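Lettering of chains follows the sequences in order, A, B, ..., and the numbering in each one begins at 1. Just so we're clear, the structure is a prediction, and the values are computed from it rather than from any experiment.
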Amino acid sequence: MTHDAQRSFETAWSDGRVADLRDALAGWYHAGHRKLPWREDISPYRVWLSEIMCQQTQVATVIPYFHRFLSAFPTVTDLAAADEQDVLALWAGLGYYRRCRNLHAAAKVVANELGGVFPGSAAELLALPGVGRYTAAAIASIAFGEVAAVLDGNVKRVLARLDAEDTPVNTGPGERLQWALAEKLVSRDDPASHNQAMMELGAVVCKPGTPDCPRCPVSDVCAAFAAGTPDQYPVKKKKKKAVAVRGVAAVCVDDDGRILLARRPDDVLLGGLWEAPGGPVDGSTAKDSGGGEDDGAGRAALTQHLSERLGIRDAPGAYLGAVTHVFSHRRLTLDVYQLRATKGSSRDPLSFYTAASWFDASALGSQHAPLSRLTEKVLELASDVQVWP
DNA sequence: AAGACGGGGAG
DNA sequence: CTCCCAGTCTT
């Protein structure tokens, strides 16, 4: 932060204002808060699992996944011993699949190198894969009572409004300013409740758009409320829009109703998941990359991908239609073709996929093959046009 | 500093 | 449509 920002920051947060904030926040939180599964039977394992799942994911989305994981893997040792494909299959649909592989890797570290006991400090937790500054502080404070501040999307919004901060929160200077303020404000007596209260406040009162200031316990120490401009915070630098891209995929079903799927490599989009084989169509880099129709470019790209990636040299058959899917940084139009089953087409070494296998199409969900929502859309399209019964 | 990385909910 | 969500990692 700049020297001026540092000085105004110190001036703005007198000991009295800090104490008022902590007390009002604690009183509000203890008077009633959401009952969340990971707030009961607190253990490092449960807190860690919930924090990883909650990264960039809404609480309501996480809850059913949290229950399924705990049921399948009651302890970190159980998780460490599981097959990674089975862990991914339970994670399927939650997104950001790197989180899942990091989760599994961290479980192995804890189980195999640390005797099944989680590190007891934020500094040590930070060394686990998938655990950054936020998550390390969350686990350390909630599970171990360490005085370590958290800064997530909720807290950023709360702090930006408390200080009417004009520095964009999604920039280096803005982040440094906010971490410093969060560390200054965190309660020395009960950091676990303080951190959860800050996030709870952001989630249920100090919401994006129009906050519910009349119900806010800390409005009397809030600069944005005093100025009547809470809706103007947090200030953010605009993100770039997702660019449109085009792809092709083949639905290949044999006479026994089994479908050919291939597993994507780890270090790519949707890494480790299975899909109907295909790949990108290198179109013009113009705004509209085309797609959504049966054309020569799509057929040529699919023919090449099937040959290079799987050693399949048959040409695509009927055009089944298109599915669209939006990622955070890509807007994909995927053209789907049928492919005549070619049993025993000898397979060259896989160049992109890490595996290829036939799956019983009527029981895909129970075969431990993790599928993305995109692939589910492809299978749904094929089912709609009755590629298989 | 900027981009990659999913999917769904809310307005 | 847009924005956002109990962020982390790589380049």
Side-chain angles (χ1 to χ4, degrees), chain A residues 33-34 36-39 46-66 88 91-103 105-106 125-139 141-143 148-158 168-176 178-179 182 192 194-204 206-211 231 234 236-243 245 264 266-273 275 324-332 370-377:
Chain A
H33 54 70
R34 295 174 295 176
L36 302 177
W38 44 88
R39 286 177 176 170
R46 291 169 62 93
V47 173
W48 165 70
L49 179 61
S50 72
E51 292 299 342
I52 300 297
M53 286 183 164
C54 282
Q55 290 168 8
Q56 294 294 286
T57 308
Q58 296 187 345
V59 163
T61 303
V62 166
I63 288 174
Y65 285 87
F66 181 78
L88 261 179
W91 193 276
L94 202 50
Y96 285 145
Y97 298 96
R98 185 72 60 92
R99 283 186 298 172
C100 184
R101 282 187 299 280
N102 283 337
L103 180 87
L125 288 161
L126 203 52
L128 294 175
V131 176
R133 183 171 179 180
Y134 162 79
T135 303
I139 300 170
S141 62
I142 297 171
V150 298
L151 183 65
D152 71 335
N154 290 311
V155 178
K156 283 182 180 176
R157 187 168 52 253
V158 171
V169 297
N170 55 346
T171 63
E175 293 250 333
R176 284 188 287 277
Q178 292 223 308
W179 273 113
H194 175 93
N195 282 338
Q196 292 180 90
M198 287 289 285
M199 295 189 279
E200 182 96 359
L201 186 68
V204 308
C206 195
K207 296 177 289 187
T210 307
D231 56 310
K236 289 193 175 187
K237 227 174 74 172
K238 297 296 183 189
K239 285 184 297 187
K240 294 171 65 176
K241 290 193 306 183
V243 298
V245 296
R264 296 170 60 79
D266 279 348
D267 295 320
V268 298
L269 181 70
L270 306 177
L273 304 195
E275 69 178 7
T324 61
H325 195 72
V326 179
F327 303 99
S328 43
H329 61 304
R330 295 283 185 274
R331 183 185 184 284
L332 172 66
L371 308 179
S372 67
R373 294 300 192 212
L374 169 63
T375 296
E376 289 186 343
K377 288 181 184 177

**Message:** How close do Val47(A) and Ile139(A) get, counting heavy atoms only, and between which atoms?
**Reply:** CG1-CA, 3.9 Å
**Prompt:** Considering heavy-atom distances to DNA chain B, does Gly172(A) or Leu374(A) have its closest nucleotide positioned more toward the 5' end?
**Reply:** Gly172(A)
**Request:** Return yes if a side-chain donor-acceptor contact under 3.5 Å exists between Arg264(A) and Ser372(A), otherwise no.
**Result:** no
**Request:** Under 4.0 Å between any heavy atoms, over every strand shown, what does Gly202(A) touch: base, sugar-phosphate, or nothing? Just pick one.
**Result:** nothing
**Complete:** chain A reaches DNA chain C, atoms under 4.0 Å from its heavy atoms, from dT2(C) to dC9(C)
**Request:** Could you check whether the rings of Phe327(A) and His329(A) sit parallel, tilted or perpendicular, using 30° and 60° as the cut-offs?
**Result:** tilted
**Request:** Name the nucleic acid region contacted by Trp38(A), choosing base, sugar-phosphate or nothing; use a 4.0 angstrom heavy-atom cut-off, strictly under.
**Result:** base
**Prompt:** Between which nucleotides of DNA chain B, read 5' to 3', does contact with chain A run, using atoms under 4.0 Å from its heavy atoms?
**Reply:** dA1(B) to dG9(B)
**Prompt:** Checking all strands, does Gly209(A) fall into the base, sugar-phosphate, or nothing category for heavy-atom contacts under 4.0 angstrom?
**Reply:** nothing
**Message:** Mind checking if Lys238(A) touches a base, just sugar-phosphate, or nothing, with heavy atoms under 4.0 Å?
**Reply:** sugar-phosphate
**Prompt:** Are Glu51(A) and Tyr134(A) close enough, and set up right, to give a side-chain hydrogen bond (donor to acceptor under 3.5 Å, both in side chains), and what steps lead you there?
**Reply:** CA-CA 9 Å; Glu51(A) 292 299 342; Tyr134(A) 162 79; 2.7 Å; yes
**Request:** State plainly whether the residues Glu200(A) and Arg39(A) are in salt-bridge range, i.e. N to O under 4.0 Å.
**Result:** yes
**Under the ring-ring contact (aromatic ring centres under 6.0 Å, His included) test, residues paired with His33(A) that sit two or more places apart** = Tyr29(A)
**Message:** Using a 4.0 Å heavy-atom cut-off, does Arg157(A) contact any base of the nucleic acid, only the sugar-phosphate backbone, or nothing at all?
**Reply:** sugar-phosphate
**Request:** Would you classify Leu36(A) as touching base, sugar-phosphate or nothing, given that sugar-phosphate means primed atoms plus P, OP1 and OP2, and contacts are heavy atoms under 4.0 Å?
**Result:** base
**Message:** Looking at every non-hydrogen atom in both residues, tell me the closest pair between Arg101(A) and Asp266(A) and how far apart they are.
**Reply:** NH2-O, 2.9 Å
**Asked** When rounded to the nearest 0.5 angstrom, what is the spacing between CZ in Arg133(A) and CG in Asp152(A)?
**Response** 13.0 Å
**Complete:** Per nearest nucleotide of DNA chain B, the residue lying toward the 5' end, Tyr97(A) or Ala60(A), is Tyr97(A)
**Request:** Please list, by residue number, the residues of residues 325-332 of chain A whose heavy atoms come closer than 4.0 Å to an atom of DNA chain B; answer none if no residue qualifies.
**Result:** His325(A), Phe327(A), Ser328(A), His329(A), Arg330(A)
**Asked** What does Lys156(A) touch in the nucleic acid at a heavy-atom separation under 4.0 angstrom: a base, only the sugar-phosphate, or nothing?
**Response** nothing
**Request:** Could you pick out which residue, Cys54(A) or Val131(A), lies toward the 5' side of DNA chain C when each is mapped onto its nearest nucleotide?
**Result:** Cys54(A)
**Prompt:** If you measure from the C1' atom in dA6(C) to the same atom in dG3(B), how many Å do you get, rounded?
**Reply:** 23 Å
**Request:** Identify whether any heavy atom of Ser372(A) sits under 4.0 Å from a base atom; if not, whether one sits that close to sugar-phosphate; answer base, sugar-phosphate or nothing.
**Result:** sugar-phosphate
**Item:** Test side chain to side chain contact (heavy atoms under 4.5 Å, CB included) applied to Val326(A) - qualifying residues, sequence neighbours left out
**Value:** Arg331(A)
**Item:** Contacts of type ring-ring contact (aromatic ring centres under 6.0 Å, His included), residue Trp38(A), not counting sequence neighbours
**Value:** Phe66(A)
**Complete:** On a heavy-atom basis, the closest approach of Ala149(A) and Ala137(A) is O-CB, 3.1 Å
**dG6(B) versus dT11(C) - spacing of their P atoms, nearest Å** = 16 Å
**Prompt:** So what does Leu270(A) hit on the nucleic acid, given a heavy-atom distance under 4.0 Å: a base, only sugar-phosphate, or nothing?
**Reply:** sugar-phosphate
**Prompt:** When we call it a touch if two heavy atoms are under 4.0 Å apart, what does Lys239(A) touch: a base, just sugar-phosphate, or nothing?
**Reply:** nothing
**Message:** Show the nearest heavy-atom pair for residues Ala192(A) and Ser141(A), with the distance to one decimal.
**Reply:** CB-O, 3.3 Å
**Prompt:** What interatomic distance, in whole Å, is found between C1' of dC5(B) and the corresponding atom of dC4(C)?
**Reply:** 16 Å
